[in-house]
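A quick write-up on the structure given underneath.
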Amino acid sequence: MPTPQQLMPGPTPLYHQLEQILRGEIERGVYRPGDRLPTEQELMQTYGVSRITVRQALNELEDEGLVVRRHGKGTYVAEKRIEQSLVRLTDFVEDMELAGLEPSSRVLAFQREAASRAVAAALGLREGEEVMRLDRLRLANGRPIAFDVTWLPMRFGVLLPEEELSRETIYHLLESRYGIPIEAGTFEITAANATLEQAHLLEVPVGAALLLIRRLSCTGGNAPVYIQERYYRPDRVSYRLCLQRRGSGGSRPPTISELRPVFAEAAVPATGDEEGSREAGVVDPGENPAESAEG
């Protein structure tokens, strides 16, 4: 812990002085993203203030998104949020690199299975027809950011070398090696609760809220290449939508000028004690077509 600054009685409340001190230490890198701040008791003893004063200061920092407080675990420095474009087709590696984060993936499963009714409908197959399933844990700077499940028709799935899926995206492998570009797709954003498996992988409590991205990606002729469900930690990504009320000179209809995810590294893992599990389901996302991203 750095040498403490003295808090002075006066017109500036003590909690605000403490907030400014901690803010300055975070900005100077004394406490880095993911670092645990001193406990409430340690701050009380160091600065000679009450618990109420400490909690007010931490509440202010939390409201501004500078720290994350975990019940029973402590207060941690939050990661800075980084914006990325979503209105053009990009893959996971491109998104992470543009955000200044180091992307990596861990392949958890790469196997053949019978298509469920929902998967078959999305891919234009018969129910029970064989598909390739790919499960991956996606990481940014070595920390879990998302878990995704992808289903591909076998004609595309057999083209993917399993040993390269931890460092290459489906987009890049299909386009660079076989000339199969991902040109369009549908995109749906909803919510889900973490299953036992997802909670373990993403280091969140069982039942925690997750941001669920359902995506159908297509190649030329609108041919489905894969259907995917990606479960994001909501403390590491959110979406910002920018709209134009009307086109230039009022001659064109309103347009979306920007839709971008805002990424943030997880401040600290939090593992729950509850147990429970369910199979990930797929809902046909075709009702809300939009350009997709993050392959």
Side-chain angles (χ1 to χ4, degrees), residues 1-84 96 99-102 139-146 191 193-194 199-200 202-211 231-242 258 260-274:
M1 185 171 177
T3 303
Q5 300 178 40
Q6 187 175 4
L7 303 186
M8 302 295 294
T12 303
L14 294 180
Y15 80 86
H16 185 67
Q17 294 181 47
L18 179 57
E19 174 203 352
Q20 293 299 312
I21 290 173
L22 294 175
R23 178 198 301 276
E25 291 171 347
I26 291 171
E27 292 175 348
R28 294 196 306 275
V30 175
Y31 298 110
R32 301 178 63 82
D35 285 353
R36 185 175 181 272
L37 293 183
T39 65
E40 291 182 358
Q41 187 65 37
E42 289 171 336
L43 290 172
M44 291 166 56
Q45 294 175 352
T46 299
Y47 294 100
V49 294
S50 68
R51 188 177 299 274
I52 292 178
T53 296
V54 170
R55 288 183 174 175
Q56 283 181 304
L58 294 178
N59 285 340
E60 293 291 321
L61 293 172
E62 184 179 31
D63 289 344
E64 296 180 33
L66 292 178
V67 302
V68 178
R69 302 173 77 181
R70 304 293 186 189
H71 181 68
K73 297 180 181 294
T75 303
Y76 297 79
V77 180
E79 296 285 350
K80 295 180 180 179
R81 292 186 176 272
I82 305 170
E83 298 183 355
Q84 288 187 317
M96 292 297 102
L101 303 173
E102 179 66 29
L139 304 104
N141 288 354
R143 297 177 179 176
I145 189 171
N193 296 109
H200 173 72
L202 295 175
E203 301 175 356
V204 299
V206 174
L210 299 176
L211 186 64
Y231 298 84
Y232 271 119
R233 288 182 53 143
D235 61 338
R236 301 196 63 183
V237 63
S238 60
Y239 285 84
R240 178 176 300 150
L241 177 63
C242 297
E258 179 181 82
R260 60 176 65 233
V262 182
F263 290 105
E265 288 194 80
V268 60
T271 303
D273 297 323
E274 302 174 32

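- No donor-acceptor pair closer than 3.5 Å links the side chain of Asp35 to the backbone N or O of Val77.
- Rounding to the nearest 0.5 Å places CZ of Arg143 at 9.5 Å from CD of Glu203.
- Of all the heavy atoms in Val67 and Glu62, the pair that sits closest is CG2-N, 3.5 Å.
- To the nearest 0.5 Å, atom OG1 of residue Thr75 and atom CG of residue Leu58 are 5.0 Å apart.
- The two residues Tyr231 and Leu210 have their closest heavy-atom pair at CB-CD1, 4.0 Å.
- Checked by atom type and distance alone, the side chain of Arg233 pairs as donor or acceptor with a backbone atom of Leu202 at under 3.5 Å.
- Residues Pro234 and Leu211 approach most closely at CD-N, 4.4 Å, considering heavy atoms.
- Ion pairing of Glu40 with Arg69 is present here, as a side-chain N (NZ or NE/NH1/NH2) and a carboxylate O approach within less than 4.0 Å.
- Proximity of Thr39 to Arg36: side-chain heavy atoms (C-beta onward) are separated by under 4.5 Å at one or more points.
- Contact check for Ile21 versus Leu7: side-chain heavy atoms found under the 4.5 Å cut-off.
- Between Pro144 and Leu139, the closest heavy-atom pair is N-CD2, 3.9 Å.
- Annotation: side chain of Tyr31 is in contact with side chain of Pro38 (closest heavy-atom distance under 4.5 Å).
- Nearest heavy-atom pair across Pro205 and Ala194 is O-CB, 3.9 Å.
- At least one side-chain heavy atom of Arg51 sits less than 4.5 Å from a side-chain heavy atom of Gln41.
- Rounding to the nearest 0.5 Å gives a distance of 9.0 Å between CE of Met44 and CZ of Arg55.
- Contact annotation: the side chain of Gln17 never approaches that of Gln20 to less than 4.5 Å [non-hydrogen atoms, C-beta and beyond].
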Checking Arg70 against Asp235 for the salt bridge (charged side-chain N to carboxylate O under 4.0 Å, His left out) test, could you report, in this order, the C-alpha distance in whole Å, the side-chain angles of both residues, the deciding distance, and whether it holds? CA-CA 12 Å; Arg70 304 293 186 189; Asp235 61 338; 3.3 Å; yes

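- Checking each of Leu22, Leu37, Val49 against Leu43 for a side-chain contact (heavy atoms from CB on, under 4.5 Å) leaves exactly one that passes, namely Leu22.
- Separating the CD atom in Gln56 from the CG atom in Leu18 is a distance of 10.0 Å, to the nearest 0.5 Å.
- For the pair Tyr15 and Ala57, the tightest heavy-atom approach, listed with the atom from each and the gap, is O-CB, 3.4 Å.
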